[in-house]
Each structure stands twice: as structure tokens, then as C-alpha cells.
Amino acid sequence: MTDIVLSTHFFKTSKFMMKTFKTSTLLILCIVCLSACKKHPQTYQNPLPIAFGDPYILAASDGKYYMYGTGGVEDGFRACVSDDLLSWKELGQIFKGNTKTSWSTANFWAPEVYEIKGKYYMLYSADWRENPNNEGENFRIGIAVADKAQGPFLDLMDRPIFDPGYPIIDGNLLFEPDGKIYLYYSRCCYKNPVESEVADWAKKQGLFEEIEESWIYGVELAPDFSGIIGEPQLLLQPPFKMDDKQAEWESRSVTSKEINRRWTEGSFIFKNKNTYYMMYSANYFGGKNYAVGYATADSPLGPFVKAENNPILQANTKEGGVVTGTGHNMVFTSPSGQMYCVYHGRTEATGDERLVFIDRMDIQENGQLIVHGPTTSQQTISK
């Protein structure tokens with residue numbers, strides 16, 4: 001396996017060769033030096049040399065960290081593993097789609113892996129083989145299972161979890177203490193033109209005749225992942241009015257003349273105290289304006305209210321930085337309790353290649369969520 005090694009500080013202890021030292025004194029000095037080395041923080045630097053879009057980290061019960069993401073293999077997914085979040089080893093391809101018996105054919109995106117009762121379940125998006133109308137975008141969400149975090153993963157069913165009648169991507173799960181499971185996903189922009197003040201403005205400016213949008217939905221999921229319970233609920237969508245506080249940053253792909261679409265995608269939900277936080281990405285995923293915001297609710301299916309301090313993660317080039325295209329994030333918490341935001345981004349040096357970033361994240365006393373990034377300086381990992 002190929003090692004992917006991040007920048008780490010190494011410390012050398014001096015060797016005292018004085019013959020006058022007694023054996024006991026030498027032993028004490030060695031113990032002190034070793035203790036100091038172990039306690040000294042290790043560091044890393046963004047972006048990590050891992051070419052993943054939509055990165056997802058699983059802290060598995062075997063004590064290791066597994067990273068999954070989009071890209072790097074044909075017709076499926078690959079993964080990396082780490083003992084310390086600093087040095088990563090490639091595991092190669094851990095899931096293969098587009099087989100004679102699989103429901104999926106292409107565009108394998110956004111894998112997320114959950115450990116449940118000794119099994120590992122991978123949620124992912126791909127094109128559905130069943131496409132009688134020859135739709136240009138035919139994405140659905142499926143689930144695969146494995147006995148180990150490193151796979152191999154096999155489809156749990158020969159079909160997607162469900163068919164809402166339109167293309168969907170970016171599945172994310174919430175497991176509640178009462179045993180209920182909720183599935184969140186993004187309806188694609190494809191064939192979803194929406195009337196709004198932003199669309200009216202773009203038409204008057206001669207930019208685009210219509211603006212397509214993607215929306216985030218939530219729905220209860222069957223315990224065995226075989227289907228949904230009830231009807232999907234619309235939870236988040238781009239702002240309708242131009243004077244909405246969220247309109248400026250969520251419409252940059254349109255106002256910059258980049259594309260006739262506005263996105264609300266890449267959702268990641270978690271609960272802090274009694275509040276549900278849903279992080280989401282907006283703007284063109286292939287462009288520099290991709291950015292992250294969040295919304296909060298008192299229940300898993302909302303209503304969700306977008307935060308006043310959005311966006312919480314975006315390009316830093318206006319401040320003299322080199323990072324753009326920050327988006328599709330997830331969150332994990334280290335054993336020490338420190339929260340981290342994991343996402344992909346681009347730099348001027350790497351061009352269009354999406355690389356992994358990990359930055360600290362906090363929820364303040366007033367409930368505001370803060371991501372301390374994007375960074376490209378040395379950072380410490382709080383174990």
C-alpha cells in the first residue's frame with residue numbers, strides 16, 4: 001500500500017554519555033524525554049495530499065480512521081486509513097459498481113459509511129440503470145454493506161433505496177435515540193426551473209432564460225434501509241427574494257454569470273444539545289464560489305432556519321489566501337471533544353483538482369457554528 005504522509009514534527013532527545021551518571025539517573029532522564037515527546041502536539045497542513053471530492057471520515061470501532069470520497073477509481077469508490085489522522089494509507093478500490101447485476105451504472109458520488117452492530121453500511125449516489133426516458137441526469141441513492149470498514153462493499157439490494165421520480169444525490173443519515181433513522185438528500189437541479197426574484201433579475205440582465213435549483217429533502221428511513229416511511233419533506237432551498245440575507249452568497253453562480261443553476265446540496269446533519277444543525281453547500285460545485293452554510297431546527301424534519309452568520313466556509317482569495325471551491329463537508333469529533341469540519345477545496349497550485357481539508361469547528365455559547373478555515377498553515381490535531 002502507498003503511504004500518504006502529512007507534515008509531522010519530530011523531536012530528538014539528546015544522548016548524555018557522561019560516565020559519571022548513575023544508571024538510575026539515566027533511566028529517569030529517558031522517561032522524562034519520552035514523556036515530553038509523546039505529549040508534544042503533531043501537526044498537519046491543508047490541503048491534505050488526498051484527491052477526494054465529498055470526503056467522509058469514519059472513526060471506526062477498531063480505533064482507526066477511514067476516509068471515503070468521490071474520485072480516484074472507475075465505477076465505484078476507494079478509501080484511505082489512518083491511525084492518527086496524520087499519516088494515511090491507500091486501501092484501493094473498496095466498492096465496484098456498474099456490474100451486470102448492479103443497479104448503478106456511472107457517476108459514483110458522495111459515499112458515507114456508518115458502523116452498525118458490527119456491519120458497515122455505505123450510502124452513495126450513482127446513475128440508475130433503469131432509464132426508460134433516457135434522462136440526462138438519472139441519479140438515485142443506494143446502500144452497500146461490508147463486514148469491514150475497508151470493504152469490500154456489496155449492494156444491499158439490486159435497486160436504489162427508493163425512487164422519488166426525480167434525480168437525487170448526496171444522501172446523509174441521522175440516527176435518533178428512539179431508533180428512528182432519517183435520510184436527507186438533494187433533489188438535483190435537472191429539469192427543476194424555479195421562479196424567483198433572482199431568476200427574474202437574471203432574465204432581465206440577459207444572462208439566463210431560467211434558473212434551475214436543487215433542494216434538500218428529509219424523510220424517515222426504514223430500519224432495514226429497504227425504503228422510506230412517509231413522504232419526503234422539503235427542508236431547504238435557495239432564497240426567493242433578492243433582499244434575503246442568504247441571497248447574495250447562495251446566488252453567486254448566477255450573478256457571476258457562471259451557470260443558470262442554484263444549488264442547495266451536500267447536507268450533513270447532527271444534533272448539539274437540543275438543536276439540529278444542518279450544514280449544506282451552495283453554488284456550482286465545480287467553481288470557485290462553492291461555499292458552506294448551515295440551518296437549525298428543533299426536530300429532525302424542521303422547519304429549518306438558515307443562520308445569520310452564513311456562509312461559514314468560503315473562498316479566502318479576497319483576504320489574500322489561495323483556497324477556493326470549499327464545500328460538501330462532514331463533521332467528526334475527536335476523542336478529546338474537538339469538532340472538525342472535513343471538506344474538499346481547491347488551491348491556485350492544484351487547479352481544478354479537489355483535495356481534502358480538515359479544519360477546527362466550534363459551536364459557541366450563543367449556538368453559532370464557526371469553522372476556523374479554510375487554512376493552509378500548520379494545524380494541530382487534538383486527540
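Hydrogens, waters and symmetry mates play no part in the numbers below; they use all other heavy atoms, side chains included.
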Quiz item: In Å, rounded to the nearest 0.5 Å, how long is the span from NZ of Lys306 to OG1 of Thr264?
Solution: 5.5 Å
Exercise. Could you pull out all residues at least two apart from Gln364 that satisfy side chain to side chain contact (heavy atoms under 4.5 Å, CB included)?
Key: Asn366, Gln368, Ile370
Quiz item: With Tyr217, which residues qualify under ring-ring contact (aromatic ring centres under 6.0 Å, His included), at least two apart?
Solution: Tyr166, Tyr185
Quiz item: Has the side chain of Thr324 got a donor or acceptor atom that lies under 3.5 Å from a matching backbone atom of Ala315?
Solution: no
Exercise. Give the intermediate values and the outcome of side-chain contact (heavy atoms from CB on, under 4.5 Å) for residues Cys189 and Ser214.
Key: CA-CA 4 Å; Cys189 294; Ser214 68; 3.7 Å; yes
Quiz item: When rounded to the nearest 0.5 angstrom, what distance separates CG in Leu221 from CD1 in Ile229?
Solution: 7.5 Å
Quiz item: Looking only at heavy atoms, which two atoms of Asp359 and Pro374 are closest? And how far apart?
Solution: OD2-CA, 3.5 Å
Quiz prompt | Residues which pass side-chain hydrogen bond (donor to acceptor under 3.5 Å, both in side chains) with Ser102, listed by chain and number, not counting sequence neighbours | solution = Thr99
Practice problem: Please check if the side chain of Glu209 supplies one atom and the backbone of Ala202 the other of a donor-acceptor pair under 3.5 Å. | Solution: no
Quiz prompt | Non-neighbouring partners of Trp249 that pass ring-ring contact (aromatic ring centres under 6.0 Å, His included), sequence neighbours left out | solution = Tyr280
Quiz item: So, the side chain of Arg129 versus the backbone of Trp103: is there a donor-acceptor pair under 3.5 Å, distance only?
Solution: no
Practice problem: Quick one: which residue pairs count as a salt bridge (charged side-chain N to carboxylate O under 4.0 Å, His left out) with a foot in residues 259-269, not counting sequence neighbours? | Solution: Glu137-Arg261, Glu212-Arg261, Glu213-Arg262
Quiz item: CG of Leu301 to CG of Leu235: how many Å apart, nearest 0.5 Å?
Solution: 6.0 Å
Quiz item: What pairs with Asp127 under side-chain hydrogen bond (donor to acceptor under 3.5 Å, both in side chains), at least two apart in sequence or on another chain?
Solution: Asn107
Quiz item: Counting N and O atoms only, with roles assigned by atom type, does the side chain of Gln45 sit under 3.5 Å from a partner on the main chain of Thr376, one being a donor and the other an acceptor?
Solution: yes
Self-check item: Approximate separation, where rounding is to 0.5 Å, of Asn289 CG and Gln314 CD
Solution: 9.5 Å
Practice problem: Mark yes when over 12 heavy atoms from residues, nucleotides or ligands other than Asp298 sit less than 6.0 Å from its CG; otherwise mark no. | Solution: no
Quiz item: Among the clusters formed by ILVMFWY side chains lying less than 4.5 Å apart, do Leu369 and Met278 turn up in the same one?
Solution: no
Self-check item: Proximity of Tyr124 and Phe153 rings by center, below 6.0 Å
Solution: no
Self-check item: Lys64 vs Gln150, side-chain contact (heavy atoms from CB on, under 4.5 Å): CA-CA, chis, key distance, verdict
Solution: CA-CA 11 Å; Lys64 298 180 184 294; Gln150 62 267 38; over 6 Å; no
Quiz item: How would you list, by chain and number, every residue that makes a side chain to side chain contact (heavy atoms under 4.5 Å, CB included) with Met157, sequence neighbours excluded?
Solution: Ile143, Arg159, Ile161, Ser226
Practice problem: Mind checking side-chain hydrogen bond (donor to acceptor under 3.5 Å, both in side chains) for Glu258 and listing every partner two or more places apart, or none if nothing turns up? | Solution: Ser253
Quiz prompt | Spacing of OG belonging to Ser256 relative to CG belonging to Leu207, to within rounding of 0.5 Å | solution = 9.5 Å
Exercise. Mind checking ring-ring contact (aromatic ring centres under 6.0 Å, His included) for Phe240 and listing every partner two or more places apart, or none if nothing turns up?
Key: none
Self-check item: Main-chain N/O of Ala110 paired with Asp170 side-chain donor or acceptor, under 3.5 Å
Solution: no
Practice problem: Quick one: list whatever passes side-chain hydrogen bond (donor to acceptor under 3.5 Å, both in side chains) with Asp163, sequence neighbours left out. | Solution: Arg140
Self-check item: Side chains of Asn283 and Lys288 in contact at under 4.5 Å (non-hydrogen atoms)
Solution: no
Self-check item: Verdict with reasoning, Tyr121 to Tyr114, per ring pair (Phe, Tyr, Trp, His ring centres under 6.0 Å)
Solution: CA-CA 5 Å; Tyr121 295 86; Tyr114 305 87; 8.9 Å; no
Self-check item: Main-chain N/O of Trp128 paired with Asn138 side-chain donor or acceptor, under 3.5 Å
Solution: yes
Practice problem: Treat each ILVMFWY residue as a node, draw an edge where side-chain heavy atoms are under 4.5 Å apart, and state whether Val113 and Phe175 are in one component. | Solution: yes
Quiz item: Phe139: which other cluster members, linking ILVMFWY side chains closer than 4.5 Å, directly or transitively?
Solution: Trp109, Ile169
Quiz item: Does a sphere of radius 6.0 Å around CG in Asp178 hold more than 12 heavy atoms from other residues, nucleotides or ligands, not counting ones at 6.0 Å or beyond?
Solution: yes
Quiz item: Does His344 have any ring-ring contact (aromatic ring centres under 6.0 Å, His included) partners at least two apart in sequence or in another chain, and if so, which?
Solution: Tyr290
Quiz item: How are the rings of Tyr66 and Tyr68 set to each other: parallel, tilted or perpendicular (split at 30° and 60°)?
Solution: parallel
Self-check item: Option among Phe285, Tyr56, Phe357 that satisfies the ring-ring contact (aromatic ring centres under 6.0 Å, His included) test with Tyr343
Solution: Phe357
Quiz item: So, does Asp84 use its side chain to make a donor-acceptor pair with the main chain of Ser87 at under 3.5 Å?
Solution: yes
Quiz item: Are Tyr65 and Phe268 joined in one hydrophobic group, where the rule is that I, L, V, M, F, W and Y side chains link up if heavy atoms are under 4.5 Å apart?
Solution: yes
Quiz item: Is the closest basic N to carboxylate O distance between Glu115 and Lys119 below 4.0 Å?
Solution: no
Practice problem: Evaluate whether atom CD of Glu319 has more than 12 neighbouring non-hydrogen atoms of other residues, nucleotides or ligands under 6.0 angstrom away. | Solution: yes
Quiz item: Would you find more than 12 non-hydrogen atoms of other residues, nucleotides or ligands less than 6.0 Å from Lys245 atom NZ?
Solution: no
Quiz item: Are Leu234 and Ile168 connected in a single hydrophobic cluster, I mean Ile/Leu/Val/Met/Phe/Trp/Tyr linked by side-chain heavy atoms less than 4.5 Å apart?
Solution: yes
Self-check item: N/O donor-acceptor pair under 3.5 Å between Thr255 side chain and Ser251 backbone
Solution: yes
Exercise. Answer with yes or no whether the hydrophobic clustering places Val371 together with Ile381; edges join I, L, V, M, F, W, Y residues whose side-chain heavy atoms lie under 4.5 Å apart.
Key: yes
Quiz item: Can you tell me how far the OG atom of Ser104 sits from the NZ atom of Lys96, to the nearest 0.5 Å?
Solution: 9.5 Å
